2 protein chains.
Amino acid sequence: MDEPSTWLDTEQQDIWQDLLTVVIALPAALDRQLQRDAGMSNFEYGVLARLSMAHEATMRLSELARVCDSTLPRLSKLMDRFEAREWIVRRVDPSDGRYTLATLTDGGRRQLAESAPGHVAQVRRLVFDPLTAVQRRHLGAALSRVADTLRRETDCGPTG
Amino acid sequence: MDEPSTWLDTEQQDIWQDLLTVVIALPAALDRQLQRDAGMSNFEYGVLARLSMAHEATMRLSELARVCDSTLPRLSKLMDRFEAREWIVRRVDPSDGRYTLATLTDGGRRQLAESAPGHVAQVRRLVFDPLTAVQRRHLGAALSRVADTLRRETDCGPTG
DNA sequence: TGCGATCACTTGCCTGGGCAAGTCATTCCG
DNA sequence: CGGAATGACTTGCCCAGGCAAGTGATCGCA
């Protein structure tokens, strides 16, 4: 009746349903906690965290956008908001006037430090606590395959 | 130096990074394909699919919103767009005037049938093709634990 | 050297979605 | 029976993000 190559079998459908739940509800749960406790979204937290890990807490916007899976307009507008809160400062890259450098301020670093424990606890509670050590290892192995596929997809050929 | 219960170890950080990639890039990839080939988002596809599976392709909006992980305002506005494209019709529930019933039209069903193969192929390509049968089974086991946790989270206590 | 091409970012416009308030139907309870 | 309480949407307002066009800076090549 069904084309085997077109449809998913029962096991795949169950996995797919759970995966859909995770990709929808997990970001939503992370956003709720961070919004409530720190007044920022999961994406905003990720940007601050990436910046804090960079050398001298400074990165070019294009590079920051890339590692944060963001577009440049989106990041540009976020930087406007962060500058208004004085969490970052922008300045022109002295070595190439086309680039803009963003640097985390002390206030931004403080904000990140205050938000981190609650966020990490949420990640631990929702993702790692429900798993045994073996399940965690297996999840990691499978996720790395899927994540690699998606990264190739995004980088080179967003063929759809 | 670090509180063991506060921070993630290296294995967990790697898994977390891959999971972040998946929850961000997977919906984006699904949206791109569906938008390009069918002029709709992944969420819109899910709503049509759920409706098509219901008895007589009809559901109450509140029930449809629940199974689609949507809010009522969001779904209400989507129904406006779907009605404009004549993919669904709305009518008051005769058994209780507070409810609104949505029914998939023939046009909506046709649209779904045309979109399904490409969407399923994309899911298969991005999620299942990179995995061995064993990895797939392991992924399913771990995901079901995490998904269950998230569903409890959403239903009862969005404690954050 | 100078002018067009490229690059990095910014801005404007539009759409989708969240939240809170409003509307209408039904139920509860005196 | 009637008014208050509840329930199921719907609407209005606001903001974040996508895309396309605009702005400077730098590069390439004649």
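Because the structure is predicted, anything quoted here is derived from the model rather than measured.
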How close or far is atom [atom2] of [N] from atom [atom1] of [X], stated in whole angstroms?
X        : N      : atom1 : atom2 : value
A:Ile24  : C:dG17 : CD1   : C1'   : 14 Å
B:Tyr99  : C:dT27 : OH    : C1'   : 12 Å
A:Arg91  : C:dT10 : CZ    : P     : 14 Å
B:Leu101 : C:dA25 : CG    : C1'   : 14 Å
B:Asp96  : C:dC24 : CG    : P     : 17 Å

Less than 4.0 Å between a side-chain N and a carboxylate O, is that true for A:Arg81 and A:Glu44?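 Yes, charged N to carboxylate O under 4.0 Å.
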Does the pair B:Arg136/B:Asp129 count as a salt bridge with the N-to-O cut at 4.0 Å?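 No, B:Arg136 and B:Asp129 are not salt-bridged.
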Specify the residues of residues 74-90 of chain B, ordered by number, for which at least one heavy atom lies under 4.0 angstrom from an atom of DNA chain D.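 Close to the strand are B:Ser76, B:Lys77, B:Arg90.
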Students often get this wrong, so: under 4.0 angstrom with heavy atoms, is A:Asp93 touching a base, only sugar-phosphate, or nothing?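 Contact class for A:Asp93: none.
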Pick the closest DNA chain D nucleotide for A:Ser41 and for A:Gly97 by heavy atoms, then say which residue is nearer the 5' end.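 Its nearest nucleotide lies further toward 5', so the answer is A:Ser41.
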Check against side chain to side chain donor-acceptor pair (under 3.5 Å), B:Thr103 and B:Arg91: CA-CA 8 Å; B:Thr103 301; B:Arg91 69 177 191 284; 3.1 Å; yes
Separation between OG1 of A:Thr21 and CG of A:Leu26, rounded to the nearest 0.5 Å: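 The CG atom of A:Leu26 is 11.0 Å from OG1 of A:Thr21, to the nearest 0.5 Å.
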Opening and closing nucleotides of DNA chain D in contact with chain B, under 4.0 Å to non-hydrogen atoms: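 Range of nucleotides within reach of chain B: D:dG7 to D:dC13.
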Measure from the side-chain N and O atoms of B:Ser62 to the backbone N and O of B:Arg60, and report whether any donor-acceptor pair falls under 3.5 Å.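 Not confirmed, B:Ser62 side chain does not pair with B:Arg60 backbone.
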Has A:Arg90 got its NZ or CZ under 6.0 Å from the middle of the six-membered ring of A:Phe82, at an angle within 45 degrees of the ring axis?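 Verdict for A:Phe82: no cation-pi partner in A:Arg90.
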Does A:Arg50 qualify as a cation-pi partner of A:Tyr45, given the criterion of NZ or CZ under 6.0 Å from the six-membered ring centre and within 45 degrees of its axis?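 Judged by the rule (NZ or CZ under 6.0 Å from the ring centre, within 45° of its axis), A:Arg50 is not positioned above A:Tyr45.
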Using the rule that two of Ile, Leu, Val, Met, Phe, Trp, Tyr join whenever any of their side-chain heavy atoms come within less than 4.5 Å, decide whether A:Leu78 and A:Leu101 are in one cluster.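 No, A:Leu78 and A:Leu101 fall in different hydrophobic clusters.
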